[in-house]
Protein chains: 2
Amino acid sequence: MAEALTAEAILVATEEVLRRYGPAKATVVDVAKALGVSHGSVYRHFATKAALREAVTRRWLDAIHREMEPAFGQGLPASEVLREWLQRLFDKKRRSHTEDLELFTTYKTLVGESSGVVEDHVEHLVGLIARIIQAGVDTHEFVTDDVPRTAQAVWDATQAFHHPAHAQEWGNPHIQDAFDAVVSLVAAGLRYNRIPSATGDA
Amino acid sequence: MAEALTAEAILVATEEVLRRYGPAKATVVDVAKALGVSHGSVYRHFATKAALREAVTRRWLDAIHREMEPAFGQGLPASEVLREWLQRLFDKKRRSHTEDLELFTTYKTLVGESSGVVEDHVEHLVGLIARIIQAGVDTHEFVTDDVPRTAQAVWDATQAFHHPAHAQEWGNPHIQDAFDAVVSLVAAGLRYNRIPSATGDA
DNA sequence: GGGCTGACAGATTTCAATATCTGTCAGCTC
DNA sequence: GAGCTGACAGATATTGAAATCTGTCAGCCC
């Protein structure tokens with residue numbers, strides 16, 4: 001008898017099957033075949049095919065979280081930490097789009113299926129931006145009276161450089177220049193921004 | 001004999017057919033039927049079905065251009081003109097999405113088909129933003145050493161509120177707050193922004 | 001003769017029959 | 001008996017034949 005079938009082994013096999021056949025063709029039977037078990041066994045660990053795909057997506061997004069820790073502690077100004085962080089995120093997305101379009105499309109499909117997981121992912125990344133902004137506020141480099149709200153605004157203002165719907169523009173040779181322009185604009189805004197609260201106005 | 005068949009009449013009929021059947025089902029034969037002519041006659045005015053659809057798209061986008069003239073000349077600061085302009089654009093898109101989802105989807109499809117027309121459209125709107133920014137620079141309200149580049153940055157930073165790919169988020173009750181936060185951040189950035197040129201850095 | 005028609009070829013879409021897949025579960029195996 | 005198998009019902013996807021659509025053009029009509 002082989003090793004016991006674990007959820008982890010199923011996830012690894014599912015990733016492999018998704019990579020090979022793509023999200024449209026990958027079936028639970030394929031995953032079971034790759035593991036040398038009956039497909040009924042897979043359902044012992046994951047209630048539905050959707051749950052299995054969601055678990056793969058979560059795994060993938062968690063790996064991104066690990067790579068997106070902000071680069072504090074090198075004496076850089078907060079604007080530079082923010083710029084580097086956004087650049088790192090952009091590079092990661094852009095590279096995975098240009099170098100492995102099929103895998104990118106696969107994950108884009110998965111992401112479109114499990115909105116809850118993605119909301120958690122976005123919330124996490126916006127939280128990291130908030131930490132960077134807070135550091136800038138602490139050193140009086142940035143001005144804002146609502147850090148979480150401003151972090152969300154930075155996220156929203158840079159959608160063109162991380163939201164997969166904009167991926168087709170990432171091949172444009174001027175895209176890095178456009179990125180620099182937006183980040184500079186945002187960074188300048190952070191230095192002097194006082195966002196009026198939800199009802200008021202400047 | 002009826003009136004002579006004009007390109008204009010064909011465009012009107014095509015819009016009607018698209019509205020009625022949607023982009024997937026609308027055929028050139030349907031358009032001809034609505035006009036009471038043979039479909040061969042339509043091809044006398046438009047070389048292909050794609051050209052016909054593109055002409056409808058252009059017509060629609062031109063109508064938007066006419067409604068998006070900036071509100072200068074009321075003594076408002078440039079930041080307020082910009083804010084009102086972006087709000088007007090956002091409202092227009094959001095309303096057409098919530099009040100007539102089918103038509104919105106139709107135009108989204110058409111837009112996806114004719115990228116050249118859309119590029120012209122975006123270029124026009126970014127040009128309008130540039131005019132607003134230039135007015136702000138003239139009164140020393142804004143600071144930037146590259147107006148067109150900054151205008152593009154404002155456009156890119158507000159993608160979440162006009163790009164159709166983000167339309168599903170426009171129903172979120174907090175979306176207006178998110179919009180205000182981004183516009184405030186951008187407006188603050190315009191007051192103090194010096195975007196480094198393509199190669200340099202701050 | 002300028003503009004329109006309608007028949008046509010090839011491309012695309014539809015539809016229904018067929019095959020495959022998902023999710024369940026009784027029973028087998030170690 | 002904990003974990004796995006494999007047969008099964010209903011849901012979904014595939015396929016290929018038939019129908020429809022696009023784009024052309026010779027000829028008709030005012």
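A, B, ... follow the sequence lines: proteins, then strands. Residue 1 opens every chain.
- None of B:F104, B:F90, B:F161 except one satisfies the ring-ring contact (aromatic ring centres under 6.0 Å, His included) rule with B:H97; the exception is B:F104.
- A heavy-atom distance below 4.0 Å to DNA chain C is reached by none of the residues of residues 7-22 of chain B.
- Side-chain atoms of A:H39 lie closest to C:dT24 of the nucleotides C:dC21, C:dA7, C:dT24.
- Taking the side chain as every heavy atom from C-beta outward, B:V56 and B:W60 never approach each other to under 4.5 Å.
- Counting non-hydrogen atoms of neighbouring residues, nucleotides and ligands closer than 6.0 angstrom, the CD atom of B:E169 exceeds 12 such neighbours.
- Sequence order on DNA chain C of the closest nucleotides to A:A47 and A:D30 puts A:D30 first from the 5' end.
- Of the candidates A:V117, A:L110, A:T14, A:L110 is the only one forming a side chain to side chain contact (heavy atoms under 4.5 Å, CB included) with A:R53.
- Shown are B:R95, B:K92, B:R88; of these, the salt bridge (Lys or Arg N to Asp or Glu O under 4.0 Å) with B:E67 is made only by B:K92.
- For B:E113 and D:dT22, the CD to P distance is 12 Å, given to the nearest whole Å.
- At the heavy-atom level, A:V29 lies under 4.0 Å from base atoms of the strands shown.
- The local environment of CD in B:E113 is crowded, with over 12 non-hydrogen atoms from other residues, nucleotides or ligands closer than 6.0 Å.
- Taking only side-chain nitrogens and oxygens, A:T48 never comes nearer than 4.0 Å to OP1 or OP2 of C:dT22.
- Within a 6.0 Å radius of CD in B:Q168, no more than 12 heavy atoms belonging to other residues, nucleotides or ligands are found.
- When rounded to the nearest whole Å, the span between CG of B:L35 and P of C:dG3 equals 17 Å.
- In the set D:dT5, C:dT22, C:dG6, the nucleotide with an atom closest to the side chain of A:K49 is C:dT22.
- Minimum atom distance to the side chain of B:L5 is reached by C:dC4, of the listed C:dC4, D:dG6, C:dT22.
- Separating the CZ atom of A:R53 from the C1' atom of C:dC21 is a distance of 12 Å, rounded to the nearest angstrom.
- We find that NZ of A:K33 is positioned 16 Å from C1' of D:dT5, with the value rounded to whole Å.
- As judged by a 4.0 angstrom heavy-atom cut-off over every strand, B:S41 is placed among the base-contacting residues.
- In A:H65, the NE2 atom is crowded: over 12 heavy atoms of neighbouring residues, nucleotides or ligands sit closer than 6.0 Å.
- Protein atom OH of A:Y43 is 14 Å distant from nucleotide atom C1' of D:dA9, rounded to whole Å.
- When each of A:D156, A:V154, A:L185 is paired with B:L185, the side chain to side chain contact (heavy atoms under 4.5 Å, CB included) condition holds for A:V154 and for no other.
- Ranking C:dG3, C:dG23, D:dG3 by closeness to the A:R44 side chain, first place goes to D:dG3.
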Protein proximity profile, nucleotides 11-16 of chain D - base contact B, sugar-phosphate-only contact S, no contact -, cut-off 4.0 Å on heavy atoms:
---S--
